[in-house]
Amino acid sequence: MAAGLRASAGGAAVPPWAHEPASRGAAMTPQPDVYDVACLAGGTQRVVDTALVALVVTGRVRAVAPGELQVADPRRRHPVEAAVLDAVGARGRRSVETVRWRALGDDRVTAVARRLRREGLLGRLLGPTAAGRRLLRGARPGAGDPVRPVALDGPHRLEDPALRAAVLEPPPRPVLPGAATPWELTFADNCEVARRTREELVSRAQHGRG
């Protein structure tokens with residue numbers, strides 16, 4: 001599964017659709033970046049899902065099991081991606097559920113919605129304004145762009161089964177609250193991760209005694 005994800009991301013250049021914020025002036029932004037599109041189309045949850053897909057496709061986040069993520073390359077190219085990388089964490093791995101929960105509360109994610117409201121593109125209660133809807137109608141994905149379809153319509157648009165598993169499938173079993181480990185597992189993280197973590201700690205202890 002992880003090998004399939006690496007193959008999906010292999011050789012991909014740093015694409016403009018995932019990382020380049022649009023230049024902004026006093027007028028409405030004519031070319032929003034992909035996270036503006038995601039926020040207008042589906043709110044901050046869609047922003048996080050879009051960033052997860054962009055990070056996995058570009059190889060900066062790796063799925064070590066379905067729904068179980070690990071940072072492979074911590075370089076930050078956009079504030080939203082930085083927020084999601086921080087949610088995954090610098091060490092160990094986290095479930096996709098935990099990453100979403102952590103990232104949704106990050107100011108770098110919520111700032112996208114606040115800015116779009118200030119620009120008159122996003123309403124406070126009812127989604128995009130008329131101007132925001134016009135902008136979305138012009139934000140169709142180009143050929144070879146796997147991320148913008150997710151921004152527009154959600155992660156169910158993913159066709160790659162390994163990529164779908166990485167960002168849509170939760171780990172099969174939860175860890176009980178309080179099962180703390182050096183990898184900072186939470187209630188949403190995988191029991192299999194907890195088991196492997198324990199085995200690694202036992203192995204280290206035995207090696208130290210030897």
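These numbers come from the heavy atoms of this one structure, side chains and all, not from hydrogens, waters or symmetry mates. Since the structure is predicted, the reported quantities are computational estimates derived from the model, not experimental observations.
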Looking only at heavy atoms, what is the nearest atom pair of [X] and [Y], with distance?
| X | Y | answer |
| --- | --- | --- |
| Ala41 | Ala151 | CB-O, 3.4 Å |
| Val112 | Cys39 | CG1-CB, 3.8 Å |
| Pro128 | Leu136 | CG-CD1, 4.2 Å |
| Ala51 | Val84 | CB-CG2, 3.7 Å |
| Tyr35 | Val80 | CD2-CG1, 4.0 Å |

So, using side chain to side chain donor-acceptor pair (under 3.5 Å) as the criterion, who are the partners of Arg75 when residues are at least two apart?
Asp73

Taking only residues two or more places apart in sequence, or in another chain, which ones meet Arg108 in a side chain to side chain donor-acceptor pair (under 3.5 Å)?
Asp86, Asp106

Any pair with a residue in residues 123-132 that passes salt bridge (Lys or Arg N to Asp or Glu O under 4.0 Å), sequence neighbours left out, goes on the list, sorted by first then second residue, please.
none

Look up atom [atom1] in [X] and atom [atom2] in [Y], then write down how far apart they are to the nearest 0.5 Å.
| X | Y | atom1 | atom2 | result |
| --- | --- | --- | --- | --- |
| Leu168 | Leu163 | CG | CG | 8.5 Å |
| Glu119 | Leu135 | CD | CG | 9.5 Å |
| Gln45 | Thr50 | CD | OG1 | 9.5 Å |

Under the side chain to side chain contact (heavy atoms under 4.5 Å, CB included) test, which residues partner [X], sequence neighbours left out?
| X | answer |
| --- | --- |
| Thr44 | Leu104, Val109, Ala113 |
| Ala130 | Arg133, Arg134 |
| Arg118 | Arg114, Arg115 |

Under-4.0 Å salt bridge between Arg60 and Glu81
yes

Report the C-alpha separation of Arg102 and Arg94 in whole Å, then their side-chain angles, then the decisive distance to 0.1 Å, and conclude whether the side-chain contact (heavy atoms from CB on, under 4.5 Å) test is met.
CA-CA 10 Å; Arg102 287 166 63 91; Arg94 281 201 171 97; 3.6 Å; yes

For Leu52 and Leu69, run side-chain contact (heavy atoms from CB on, under 4.5 Å): C-alpha distance rounded to whole Å, both residues' side-chain angles, the deciding distance at 0.1 Å, then the answer.
CA-CA 10 Å; Leu52 280 170; Leu69 305 175; 3.6 Å; yes

Where the side chain of [X] meets the backbone of [Y], is there a donor-acceptor pair that is under 3.5 Å apart?
| X | Y | result |
| --- | --- | --- |
| Arg117 | Leu122 | no |
| Arg164 | Leu158 | yes |
| Ser95 | Gly67 | no |
| Thr129 | Gly120 | yes |
| Arg62 | Val56 | no |
| Thr58 | Ala54 | yes |

Please evaluate residues Leu40 and Val37 with respect to the criterion side-chain contact (heavy atoms from CB on, under 4.5 Å), reporting the C-alpha separation (whole Å), side-chain torsions for both, the decisive distance (0.1 Å), and the verdict.
CA-CA 5 Å; Leu40 289 169; Val37 171; 5.9 Å; no

Mind running side-chain contact (heavy atoms from CB on, under 4.5 Å) on Arg100 and Asp49 for me, showing each step along the way?
CA-CA 8 Å; Arg100 284 194 180 99; Asp49 286 341; 2.5 Å; yes

Do Gln70 and Val61 have side chains that approach each other closer than 4.5 Å (heavy atoms only, starting at C-beta)?
no

